[in-house]
Amino acid sequence: MSSTSKLERWAILDCNSFYCSCERLFRPHLRDKPIVVLSNNDGCIISLSKEAKAVGLKMGEPIFEVRTLIRRHRVQVFSSHYLLYGNLSRRVMGLLDQLNPDVIQYSIDEAFINFSHLPLGAEAPWALELRERVTRETGIPVSLGVGHSKTLAKIANKEAKKLGLKSLSLTEPQVCEAVLKRTPLEEVWGIGPGLSVRLKALGMQSAWDFSQFENTTLIRKHLGIVGERMQAELRGRSCIELGEIETRKMISSTRSFGKKVYSCRELQEAVATYVGFAAEKLRKQGSVTRGVSVMLRSNPFDDGPYHRREDQRILPFYTDDTLLLTRTVTEMVAQLFKEGIGYKKAGVFLFDLADKGAYQLDLFHQTSEDSKLMGVLDKINERWGRGTIKTAACGTLQDWRMLCEKKSSKTQTSWSDLVEVGAD
DNA sequence: TCTGGGGTCCTAGGACCC
DNA sequence: TCTGGGGTCCTAGGACCC
């Protein structure tokens with residue numbers, strides 16, 4: 001809140017081209033080489049090394065559109081491997097926690113660090129040491145941005161990368177002003193395409209213009225309370241609070257298919273598989289759910305009509321039982337299904353979650369035997385890999401599965417072995 | 001041929017209540 | 001001609017994030 005008159009100081013530490021850096025970690029020969037990591041189903045580029053950027057590749061591009069570029073520059077291409085990335089992320093975050101009293105993990109490869117408690121002159125050496133220790137002890141290159149708010153730290157970090165620096169601080173007002181003046185609106189954390197259009201219509205161009213814009217009523221009207229907060233943050237007054245994300249409010253599992261799916265049975269298999277994933281996450285965070293929603297859709301990039309249907313149900317009680325949830329979603333798919341549509345994606349959402357402890361007594365539909373069964377299932381899947389045990393409803397052929405899941409099944413085991421060796 | 005997946009927060013408007 | 005006012009809860013949808 002604004003009650004604090006003293007300026008806060010924040011750093012954001014993020015891992016450079018995180019997924020690429022993970023792939024490189026055990027393949028040193030790829031250092032300085034252009035590499036990219038693809039999204040699920042080998043669709044788009046979701047991580048690229050700076051060498052890959054240099055040859056003209058971009059974040060989010062569909063891979064099939066840039067095949068020639070990839071070939072010409074011998075860019076190494078990887079399917080994504082989240083088990084590995086999750087492991088390395090935990091190492092980085094663990095180290096940050098160990099070194100700092102106030103760390104908030106923000107995403108798989110970023111964390112905010114509040115270092116307001118340090119004496120004023122200590123900032124630069126602290127930042128240097130932090131960066132070096134993380135890089136040395138995890139093997140992942142990182143960069144830092146520092147400022148009087150999280151938003152300013154984000155901008156500093158982005159600017160550091162542009163300048164080829166490993167860290168940059170905006171705590172000096174003159175430096176801050178100069179950087180904000182050359183930062184376009186849409187590069188501010190929280191300003192996307194929609195909001196930047198609205199702000200430009202009000203005559204603003206840079207982050208600095210926004211921070212200095214006097215008419216707060218207009219900001220309030222066009223951007224609501226979110227806009228007011230962003231403006232305050234740009235002025236160096238920290239007001240965006242982030243809590244630790246220990247319990248999610250919604251859990252989803254959605255996937256594109258490796259090919260078009262026309263049969264109801266296959267859709268049911270896929271959705272049964274996804275609800276299994278979602279329920280596993282649900283139990284892991286100690287929650288139960290009452291809201292279940294199922295989504296089926298065709299390919300929006302196809303010519304012809306786009307088909308998307310979604311249905312939701314509120315169960316009469318809270319549960320975390322995969323078998324029960326599977327029966328529910330299987331029924332829902334049967335109701336949503338339409339003959340003759342080439343389905344390309346399906347998904348399951350669990351919402352209206354509650355803490356399991358608080359609802360223990362209400363779980364009369366679920367016997368303790370069911371709970372035990374789920375516990376055993378989770379243990380086995382944790383030990384031997386996801387999907388070792390699953391419900392029969394998930395099917396055995398699974399022709400609809402994603403392309404990369406098929407392809408990387410072999411390397412996956414050997415990769416996780418590598419991670420085991422490196423872990424404590 | 002081929003175009004990701006998983007989240008959060010805020011707001012406006014309707015339903016309902018006194 | 002008259003048709004209160006204000007609070008709360010819920011939901012759908014929009015915007016954004018990595």
Side-chain angles (χ1 to χ4, degrees), chain A residues 12 14-19 36-47 58-68 70 77-82 85-86 89 104-112 150-151 154 157-158 185-199 220-230 239-260 270 274 277-278 281-282 285 291 293 295 297-303 306 310 312 314 342 344-353 401-405 407:
Chain A
I12 185 159
D14 89 322
C15 304
N16 302 339
S17 307
F18 182 54
Y19 299 167
V36 299
V37 174
L38 303 182
S39 63
N40 276 324
N41 221 16
D42 290 346
C44 305
I45 296 175
I46 53 168
S47 178
K58 290 194 183 63
M59 184 76 166
E61 268 177 330
I63 190 75
F64 72 90
E65 286 179 0
V66 290
R67 288 270 183 228
T68 40
I70 299 265
V77 178
F78 294 92
S79 292
S80 41
H81 191 166
Y82 290 102
Y85 311 151
S89 171
I104 301 167
Q105 183 175 351
Y106 176 62
S107 72
I108 192 165
D109 70 334
E110 289 171 288
F112 287 106
K150 299 185 186 73
T151 304
K154 283 284 253 185
N157 184 267
K158 201 169 256 186
L185 280 170
E186 56 274 15
E187 284 184 18
V188 176
W189 188 41
I191 300 184
L195 296 186
S196 82
V197 166
R198 281 186 236 174
L199 290 176
R220 177 83 206 198
K221 188 174 153 226
H222 284 84
L223 285 90
I225 194 164
V226 180
E228 286 183 350
R229 269 182 221 154
M230 288 192 298
C239 60
I240 295 179
E241 306 282 347
L242 295 174
E244 277 300 344
I245 27 155
E246 66 298 318
T247 49
R248 323 224 83 104
K249 296 171 177 171
M250 180 203 73
I251 288 171
S252 63
S253 178
T254 66
R255 294 282 186 287
S256 298
F257 303 134
K259 57 169 198 169
K260 282 185 189 164
Y274 305 159
F277 294 158
K281 286 190 222 168
L282 184 73
Q285 71 165 34
S293 142
M295 177 270 295
R297 72 162 170 77
S298 64
N299 190 346
F301 298 99
D302 277 355
D303 298 333
Y306 172 46
E310 199 170 339
Q312 66 177 47
I314 305 294
K344 185 62 182 161
K345 183 176 185 173
V348 169
F349 304 80
L350 304 180
F351 56 96
D352 195 353
L353 308 188
R401 284 181 64 154
M402 298 187 302
L403 296 173
C404 61
E405 281 194 343
K407 208 165 56 189

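Note: hydrogens, waters and symmetry copies are ignored here, and every other heavy atom, side chains too, is used. Each chain gets a letter, A, B and so on, in the order its sequence line appears, and its residues count up from 1.
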Could you state the atom-to-atom distance from CG of A:Asp42 to P of B:dT3 in whole Å?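 Between P of B:dT3 and CG of A:Asp42: 10 Å.
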Report the distance from atom CE of A:Met59 to atom P of B:dG4, rounded to the nearest whole Å.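 My rounded result for the distance is 13 Å.
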Can you confirm if the aromatic rings of A:Tyr82 and A:Tyr19 lie within a centre distance of less than 6.0 Å?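 Yes.
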Could you list the protein-to-nucleotides 14-18 of chain C atom pairs, N/O on both sides, closer than 3.5 Å?
from	atom 1	to	atom 2	distance (Å)
C:dA15	OP1	A:Arg198	NH2	3.4
C:dC16	OP1	A:Gly192	N	3.0
C:dC16	OP1	A:Gly192	O	3.1
C:dC16	OP1	A:Gly194	N	3.1
C:dC16	OP1	A:Leu195	N	2.7
C:dC16	OP2	A:Gly194	N	3.3
C:dC16	O3'	A:Gly190	O	3.4
C:dC17	OP1	A:Gly190	N	2.9
C:dC18	OP1	A:Lys154	NZ	2.8
C:dC18	O3'	A:Ser107	OG	2.8
C:dC18	O3'	A:Asp109	OD1	3.2
C:dC18	O3'	A:Glu110	OE1	3.0

Gap separating the NZ atom of A:Lys345 from the NZ atom of A:Lys260, nearest 0.5 angstrom: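 The NZ atom of A:Lys345 sits 15.5 Å away from the NZ atom of A:Lys260.
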Atom CD1 in A:Ile12, atom NZ in A:Lys158: separation rounded to 0.5 Å?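 Going from the CD1 atom of A:Ile12 to the NZ atom of A:Lys158 covers 10.5 Å.
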What pairs with [X] under side-chain hydrogen bond (donor to acceptor under 3.5 Å, both in side chains), at least two apart in sequence or on another chain?
{"X": "A:Thr247", "value": "none"}
{"X": "A:Ser89", "value": "none"}
{"X": "A:Glu186", "value": "A:Lys200"}

Any base atoms under 4.0 Å from A:Lys344, or only sugar-phosphate, or nothing? Heavy atoms, all strands.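 Sugar-phosphate contact only - A:Lys344 comes under 4.0 Å of backbone atoms but never of a base.
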Nucleotide pairing, DNA chain C (Watson-Crick or G-U, distances under 3.5 Å), in dot-bracket with [ ] and |: ....||||||||||||||
Heavy-atom check, side chain of A:Ile63 versus side chain of A:Ile70, under 4.5 Å: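 Touching, per the 4.5 Å side-chain cut-off.
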Is any side-chain heavy atom of A:Lys249 less than 4.5 Å from a side-chain heavy atom of A:Phe351?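 SC-SC contact between A:Lys249 and A:Phe351 ruled out.
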5'-most contact on DNA chain B: A:Arg220 or A:Gly43, nearest heavy atom basis?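 It is A:Gly43, whose closest nucleotide lies nearer the 5' terminus.
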Scoring nucleotides 5-10 of chain B by protein non-hydrogen atoms under 4.0 Å (B base, S sugar-phosphate only, - none) yields SSSSSS
Do the side chains of A:Arg297 and A:Glu310 get close enough for a salt bridge, i.e. N-O under 4.0 angstrom?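 Looking at A:Glu310 together with A:Arg297, the answer is no, because their closest N to O distance does not fall below 4.0 Å.
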Check: A:Ile46 main-chain N/O paired with A:Ser39 side-chain donor or acceptor under 3.5 Å: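 A pair under 3.5 Å: no.
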